[in-house]
There are 2 protein chains.
Amino acid sequence: MSLRHAILVLLQDEEASGYDLAREFANSIGLVWNATHQQIYLELGKLNEQNMVHYRHVPQDGKPDKKLYRITDEGRQELVRWLRRPAAPARVRDAFMVKVAGGALADPETLLGELDQLVQQRKERLANFEAEARKLERQSEGNSRFQHLTLRRGILDQEAWLAWAEEVREVLEDTLNHQH
Amino acid sequence: MSLRHAILVLLQDEEASGYDLAREFANSIGLVWNATHQQIYLELGKLNEQNMVHYRHVPQDGKPDKKLYRITDEGRQELVRWLRRPAAPARVRDAFMVKVAGGALADPETLLGELDQLVQQRKERLANFEAEARKLERQSEGNSRFQHLTLRRGILDQEAWLAWAEEVREVLEDTLNHQH
DNA sequence: ACTGCTTATACAACGGATTGCGCAGGCACA
DNA sequence: TGTGCCTGCGCAATCCGTTGTATAAGCAGT
């Protein structure tokens, strides 16, 4: 139960709309904590009721109006309390990995195809993270060092995954050759 | 929705009780797909109703009786169908990482303490995986190559995390020194 | 003109997942 | 003797999360 805290962390530096937050969850933080916009809007509603965040209504033309949320003192206090408590253990849910574990039953061609797609995606993400990291390295204010760490995690993660993918490819291609 | 498939994958090689599965979810596969015993028992019940698995009742003395589950042909067919379909995207939920992202607010000492604990845990896990991998390398039957890949993923993942942890430590210690 | 993407918010329904509780006996340690 | 941990199974309540649907307007491409 701490989508709320992830949201509060993001609101620490900037005022943002639900939509803004959804985009951030799809990128940097998304590697480590994911949420859909419905969840985010719901949670923002609750956080607002509990006075952890406040928002101001911003009319726009051309685009729909938006609500810009900012963290309150109460929200910041809650964040600090949470930071002090030990974190919940990390959870992962990677269906492709489960597939590889059960790989003996699968046909290697299909898995190889899927592997290629995933490699492609991960490479793109890696490039994004690296670009963002370079941006951050130029400007160095306040907690940019911590944001940089977030990106470093993403980078190391993608690299590790890609290295693993090459090992998987070898095994799959080998299985393929032995079948024919 | 595929805890069911993770279970079927595990039952591919061996007959197992709910308790056995729970332990496996806590270890090797657990890195990539986690589930509590309640979930597992529930899912085993459903899988049994749908004839994807069958079980035999094994009385024990000293210990409570157990149910040893095995996969059926229907279960194997369902697994193969699932393996053909594209996998759901990987999801991660790492609270400690969120903490680091919001690190500017936290006091570095507490985070450093937590970091040490996590490093300890990860190192232990790494040692376990490496030991298991060495075991598997000696004996090489059927799908042991795929099991080996599972372990390799675990190993690469821990290594990447530990490398990242060192970067985090540097930043945290630096923040600490600038405060005093 | 039509399709699809982007910005923006939100409700409703369902199913998946966690948390809490309960039972049951054995073994180890203080 | 008490405490806590391990083996084993399971129900109930609640909460989290996903999917589907809705509205609304602009902009880009075919």
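Residue numbering restarts at 1 for every chain, and letters A, B, ... go by the order of the sequence lines.
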Open item on the list: Does the plane of the ring in F96(B) sit parallel, tilted or perpendicular to the ring in W164(B)? Use 30° and 60° as the thresholds.
Closed with: perpendicular
Open item on the list: Any side-chain N or O of R91(A) below 4.0 angstrom from OP1/OP2 of dT18(C)?
Closed with: yes
Open item on the list: Both N34(A) and D65(B) contact DNA chain D. Which one's nearest nucleotide lies toward the 5' end?
Closed with: D65(B)
TODO: Look up atom NE2 in H57(A) and atom CG in D65(A), then write down how far apart they are to the nearest 0.5 Å.
DONE: 4.5 Å
Open item on the list: With the threshold set at under 4.0 Å for non-hydrogen atoms, list the residues of residues 11-21 of chain B touching DNA chain C in residue-number order.
Closed with: none
Task: Pairwise distance CD(E43(B)) to CD1(I7(B)) - rounded to 0.5 angstrom - done: 5.5 Å
TODO: Determine whether more than 12 heavy atoms belonging to other residues, nucleotides or ligands lie under 6.0 Å from atom CD of E173(B).
DONE: yes
Task: Gap between atoms CZ and C1', on R23(B) and dG8(D) respectively (whole Å) - done: 11 Å
- [ ] Decide if atom OH of Y55(B) counts as having more than 12 heavy atoms of other residues, nucleotides or ligands within a radius under 6.0 Å.
- [x] no
- [ ] Evaluate whether atom CD of E14(A) has more than 12 neighbouring non-hydrogen atoms of other residues, nucleotides or ligands under 6.0 angstrom away.
- [x] yes
Task: Integer-rounded Å distance: dA12(C) P and Q39(A) CD - done: 18 Å
Open item on the list: Does N177(A), at its CG atom, have more than 12 non-hydrogen atoms belonging to other residues, nucleotides or ligands within less than 6.0 Å?
Closed with: yes
Task: Value in whole Å for how far the C1' atom of dT18(C) lies from CZ of R93(A) - done: 11 Å
Open item on the list: Of the options dT18(D), dC9(D), dT19(C), whose atoms approach the side-chain atoms of Q38(B) most closely?
Closed with: dT19(C)
- [ ] Could you state the atom-to-atom distance from NE2 of H57(B) to C1' of dG10(D) in whole Å?
- [x] 13 Å
Task: Interatomic distance where CZ belongs to R4(B) and C1' belongs to dG16(C) [whole Å] - done: 12 Å
Task: Inter-axis angle, terminal five-pair segments of the helix from dA1(C)-dT30(D) to dA24(C)-dT7(D) [nearest 10°] - done: 30°
TODO: Rounded to the nearest angstrom, tell me the gap between atom CD1 in I40(A) and atom P in dT9(C).
DONE: 10 Å
Open item on the list: Can you list everything that forms a side chain to side chain contact (heavy atoms under 4.5 Å, CB included) with R93(A)? Sequence neighbours excluded, please.
Closed with: W33(B), N34(B), R91(B)
Task: Residue K46(B), side-chain atoms from C-beta onward, closest of dG16(C), dA10(C), dG8(D) - done: dG16(C)
Task: Residue closer to the 5' end of DNA chain C, K67(A) versus K63(A) (nearest nucleotide) - done: K63(A)
Task: Nucleotide nearest Q60(B) when distance is taken to its side chain, options dT21(D), dG8(D), dA24(D) - done: dG8(D)
Open item on the list: Can you tell me which nucleotide in dT19(C), dA10(C), dC16(D) comes closest to the side chain of Y41(A)?
Closed with: dA10(C)
Open item on the list: Exactly one of R152(B), R153(B), R145(B) should register a salt bridge (charged side-chain N to carboxylate O under 4.0 Å, His left out) with E167(A). Which one does?
Closed with: R152(B)
